[in-house]
Structure formats: structure tokens, C-alpha cells
Amino acid sequence: MDQHTIGEDESPGDVIARVVREDILAGRLAAGERLVEEAIAKQFGVSRVPVREALGQLEGEGFVTIVRYRGATVSTTLRKDNRELLEVRRGLEVLAAQLAAHNRGGSVSAELAAIAQSTSGPVDDRSVGRSFHDLVAVASGNDQLRELLTTVSRRVAWGLGDDPTASQHDHAVLAAAILRGASVQAGFLMDEHLRRDEHGSDTPD
């Protein structure tokens with residue numbers, strides 16, 4: 001696996017999943033193309049065990065379809081599945097923002113205040129301990145909603161745009177609305193924020 005950079009917390013299966021995911025998104029692997037375990041294992045210089053782990057992870061994310069006795073193929077419904085999941089995520093995030101505003105930030109109001117007051121540049125999530133969207137989910141006070149968001153967000157995060165400056169502004173305005181208890185405005189702002197993220201993404205057919 002020398003030709004692939006391994007992250008500090010990555011296992012061989014994580015590396016394989018990341019590289020295959022990148023190949024699918026870049027169009028180097030086409031929809032419906034077979035993913036042969038033996039060939040992938042040889043490519044990465046590993047046994048089939050981490051390959052199976054990687055393919056299972058990619059199946060959970062919607063990139064790969066695995067059929068018993070037939071093996072794995074690149075998903076043929078990736079764009080449709082991603083679009084539907086983004087719609088589900090947006091609805092859940094809007095609800096979380098509204099509940100968070102009702103609670104005026106709840107147990108994470110101080111962390112949201114730090115984001116609301118930061119206008120000079122992107123906030124490093126590590127400085128507040130967790131991502132902005134996780135903060136909103138925690139602030140909602142609804143553990144079931146947070147669990148659903150975690151599951152859905154894991155599957156669609158790769159399909160979103162990445163504009164740190166725009167996100168910083170959106171997060172600051174959203175955090176301020178939540179702290180004011182403006183639930184209708186918070187829901188509207190979250191919807192607009194996520195729509196911009198979705199429009200900034202480009203997933204393959």
C-alpha cells in the first residue's frame with residue numbers, strides 16, 4: 001500500500017474504501033463495473049479481508065452494490081440515492097435547527113455563541129469540540145433525531161460542496177438565530193444553507 005497515503009487513524013480497509021470512493025466520484029470506475037476482490041487485494045498488496053471490509057463500508061455509503069454469489073459492483077443508482085438522502089438530511093437538519101432555537105442552544109449554547117461571534121474567518125471545529133451541525137443536533141435535545149442525522153450525514157457528506165468561507169458566515173448567522181430563540185428563522189436559514197451545499201456538489205451518474 002506504499003503508493004497510497006495512510007491517515008493516522010486509517011486501517012487498510014479505510015484506505016481501500018477511500019481510494020475506491022475517489023475513483024467512483026472521479027468517474028474512473030463506471031456505474032455497474034465489477035469490483036473483483038482478488039484484483040483489489042493484489043492492487044493494494046493485502047489479503048481479501050480488508051477488501052471485504054472496504055466494500056461493506058462502501059455499500060453502506062451507497063457507492064457499491066453487493067449481491068450474494070455475484071460480488072460487488074459500482075452502484076447504478078448513486079445520483080438518485082444521494083439526491084433522496086440529501087432531501088431527507090435537509091428535513092432532519094431543519095427540524096434540528098428549529099428545536100435548537102426553541103431550546104436557545106440548550107447545553108451547547110456557549111459553543112454556539114463562540115461561532116455566532118466569530119466573523120474573522122472559519123472556525124476550527126476542534127476549538128469548539130465538535131462540528132457545527134453536530135452542535136445543532138445536540139442543541140435540539142432530541143437524541144433520536146441526532147442519531148438519525150449521524151446515520152444520514154455519514155452517507156451524504158462526500159456529496160456536499162465545500163466552501164469554508166460561505167459556511168462560516170452561514171453558521172454564524174444560524175447560531176445567532178438559534179440563540180435568539182428564532183425557530184422559524186433558524187429553520188429557514190438551515191434550509192438555505194444546505195441547499196447551497198447541495199448545489200455546490202457534483203456527484204456522478
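Looking at Asp23 and Leu25, their side chains never come closer than 4.5 Å, going by heavy atoms from C-beta outward. Taking the side chain as every heavy atom from C-beta outward, Leu145 and Leu99 approach each other to under 4.5 Å. Inter-residue side-chain proximity for Thr65 and Glu59 is flagged as unmet; no heavy-atom pair is nearer than 4.5 Å. Counting heavy atoms from C-beta outward, Leu55 and Glu37 have side chains that approach closer than 4.5 Å. Residues Ile115 and Phe132 meet the side-chain proximity criterion, which asks for heavy atoms closer than 4.5 Å. In this structure, Val20 and Phe63 have side chains that are not in contact, with every pair of non-hydrogen atoms separated by 4.5 Å or more. Two residues are said to be in side-chain contact when any heavy atoms from C-beta on lie closer than 4.5 Å; Leu35 and Leu29 meet this criterion. Counting heavy atoms from C-beta on, the side chains of Val74 and Val64 never come closer than 4.5 Å.
Checked against the 6.0 Å centroid threshold, His133 and His193 count as a close aromatic pair.
For Arg195 and Asp191, the salt-bridge test passes: some basic side-chain N is under 4.0 Å from an acidic carboxylate O. Salt-bridge check for Glu84 with Lys80: passed, with a basic side-chain N closer than 4.0 Å to an acidic carboxylate O. Taking the charged nitrogens against the carboxylate oxygens, Glu93 and Arg89 do have a contact shorter than 4.0 Å, which makes a salt bridge.
Counting all heavy atoms, side chain and backbone alike, Val51 lies closest to Ser47 at CG2-O, 3.7 Å. Taking both residues in full, the closest heavy atoms of Ala54 and Gly13 are given as CB-O, 3.3 Å, listed atom of the first, atom of the second, then distance. Residues Ala31 and Ser75 share a closest heavy-atom pair of CB-O, 3.6 Å.
If you check the side chains of Asp14 and Ser11, you find a donor sitting under 3.5 Å from an acceptor.
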Which is it for Glu53 and Val49 under the side-chain contact (heavy atoms from CB on, under 4.5 Å) test, yes or no, and what are the steps along the way?
CA-CA 6 Å; Glu53 292 174 355; Val49 174; 3.8 Å; yes

Applying side-chain contact (heavy atoms from CB on, under 4.5 Å), run through Arg70 and Arg34 and close with a yes or a no.
CA-CA 9 Å; Arg70 295 180 59 186; Arg34 284 195 63 205; over 6 Å; no

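A distance of 12.0 Å separates CG in Leu85 from CZ in Arg90, rounded to the nearest 0.5 Å. Between atom CD of residue Gln117 and atom CG of residue Leu112 there is a gap of 11.0 Å, rounded to the nearest 0.5 Å. In this structure, the separation between OG on Ser140 and CD on Gln144 is 10.5 Å, given to the nearest 0.5 Å. To the nearest 0.5 Å, the span separating CD on Glu87 from CG on Asn82 amounts to 10.0 Å. Taking CD of Glu10 as the start and CD1 of Ile16 as the end, the distance is 11.0 Å to the nearest 0.5 Å.
Linking ILVMFWY side-chain heavy atoms closer than 4.5 Å, directly or via other members, places Val88 and Leu149 in a single hydrophobic cluster. Linking Ile, Leu, Val, Met, Phe, Trp and Tyr whenever their side-chain heavy atoms come within less than 4.5 Å puts Ile66 and Leu78 in one cluster.
Screening Asp134, Val136, Leu135 for a side chain to side chain contact (heavy atoms under 4.5 Å, CB included) involving Val108 leaves a single residue, Leu135.
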In residues 172-190, what donor-acceptor pairs under 3.5 Å come from side-chain atoms, sequence neighbours left out?
{"from": "Arg180", "atom 1": "NH2", "to": "Gln185", "atom 2": "OE1", "distance (Å)": "2.4"}

